[in-house]
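Note sheet for the following structure.
Fair warning: this is a prediction, and the values are worked out from it, not measured in the lab.
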Amino acid sequence: MVWHKIAENEAELPWQDNNLCLAEAGGKTVTLAKHNGQLFSCAHKCPHASGIMADGYINATGQITCPLHRYRFDLKNGRNTSGEGYFLKTYPVEIRPDGIYIGLEDKGFWSLW
């Protein structure tokens, strides 16, 4: 796991009214979500039809909903909760004294090819 600092604090991030925003981590665009005082991170596009997840919304049970076709995914594990069978990639988030970090898989040398 390689950790990438994305901000000094939550206030520095470009939050939308829906408690979602896009951020850059290690050259990858990710969606950040705030729900019940926690931060979550997932892929920025829906695995179904590439809807921008930050343009969707978070429901009361902590599921992020794609704006295009209303597919829902659990923010904790990416599991599709509306029954279509897709999986939304999620990434760990750490709030450290020096900032907010997103963990991305280290693919090592072979990721260059």
Side-chain angles (χ1 to χ4, degrees):
M1 184 77 53
V2 177
W3 292 91
H4 301 274
K5 185 174 181 177
I6 59 165
E8 295 290 327
N9 54 55
E10 283 186 46
E12 192 177 282
L13 294 164
W15 295 107
Q16 303 172 148
D17 291 339
N18 58 2
N19 288 323
L20 296 167
C21 71
L22 293 177
E24 192 82 17
K28 178 186 276 298
T29 302
V30 297
T31 299
L32 285 175
K34 281 194 290 190
H35 180 69
N36 287 342
Q38 286 188 284
L39 291 181
F40 300 91
S41 182
C42 62
H44 88 286
K45 290 185 179 180
C46 179
H48 170 245
S50 297
I52 304 300
M53 297 305 289
D55 292 340
Y57 64 91
I58 304 168
N59 68 18
T61 60
Q63 299 167 351
I64 188 169
T65 303
C66 176
L68 293 182
H69 300 106
R70 306 291 186 242
Y71 288 17
R72 293 184 315 271
F73 302 89
D74 189 304
L75 281 169
K76 294 177 186 165
N77 57 26
R79 189 176 142 269
N80 177 234
T81 58
S82 49
E84 295 81 17
Y86 290 94
F87 176 81
L88 182 68
K89 180 73 176 157
T90 59
Y91 307 99
V93 179
E94 284 189 2
I95 299 174
R96 301 178 184 173
D98 67 327
I100 300 171
Y101 289 79
I102 302 291
L104 301 177
E105 293 176 17
D106 181 10
K107 299 193 180 181
F109 175 77
W110 298 109
S111 67
L112 299 174
W113 307 106

Provide the full list of ring pair (Phe, Tyr, Trp, His ring centres under 6.0 Å) pairs with a residue in residues 34-59, sequence neighbours left out, each pair given once. His48-His69, His48-Tyr71, His48-Tyr86
Distance in Å, [X] [atom1] paired with [Y] [atom2], rounded so as to fall on 0.5 Å steps:
X: Asn80; Y: Cys46; atom1: CG; atom2: SG; result: 8.5 Å
X: Thr90; Y: Leu75; atom1: OG1; atom2: CG; result: 9.0 Å
X: Ile100; Y: His4; atom1: CD1; atom2: NE2; result: 15.5 Å
X: Thr65; Y: Ile58; atom1: OG1; atom2: CD1; result: 9.0 Å

Members besides Tyr101 in its Ile/Leu/Val/Met/Phe/Trp/Tyr cluster (side-chain heavy atoms under 4.5 Å): Met1, Trp3
Which pair of non-hydrogen atoms, one from [X] and one from [Y], has the smallest distance, and what is that distance?
X: Ser41; Y: Leu32; result: CB-CD2, 3.9 Å
X: Ile102; Y: Ala25; result: CB-CB, 4.0 Å
X: Phe87; Y: Asn77; result: CE1-O, 3.0 Å
X: Ile64; Y: Cys42; result: CD1-SG, 4.1 Å

Applying the 4.5 Å side-chain criterion to the ILVMFWY set and letting contacts propagate, would Ile6 and Val2 be lumped into a single cluster? no
Treat each ILVMFWY residue as a node, draw an edge where side-chain heavy atoms are under 4.5 Å apart, and state whether Val30 and Ile52 are in one component. no
Among residues at least two apart in sequence or on other chains, which ones pass salt bridge (Lys or Arg N to Asp or Glu O under 4.0 Å) with Glu24? none
Can you give me every donor-acceptor pair (side chain of residues 16-23, partner residue at least two apart or in another chain, under 3.5 Å) with its distance?
from, atom 1, to, atom 2, distance (Å)
Gln16, NE2, Asn18, OD1, 3.2
Gln16, NE2, Ala54, O, 2.5
Asn18, OD1, Leu20, N, 3.1
Asn18, ND2, Ala54, O, 2.9
Asn18, ND2, Gly56, O, 2.8

Could you list all the salt bridge (Lys or Arg N to Asp or Glu O under 4.0 Å) pairs where at least one residue sits in residues 67-95, not counting sequence neighbours? Lys89-Glu105, Glu94-Arg96
Using the salt bridge (Lys or Arg N to Asp or Glu O under 4.0 Å) rule, collect all pairs that involve residues 28-50, keeping only residues at least two apart or in two chains. Glu10-Lys34
Judged by atom type as modelled, is there a donor-acceptor pair below 3.5 Å linking the side chain of Gln63 to the main-chain atoms of Asn59? no
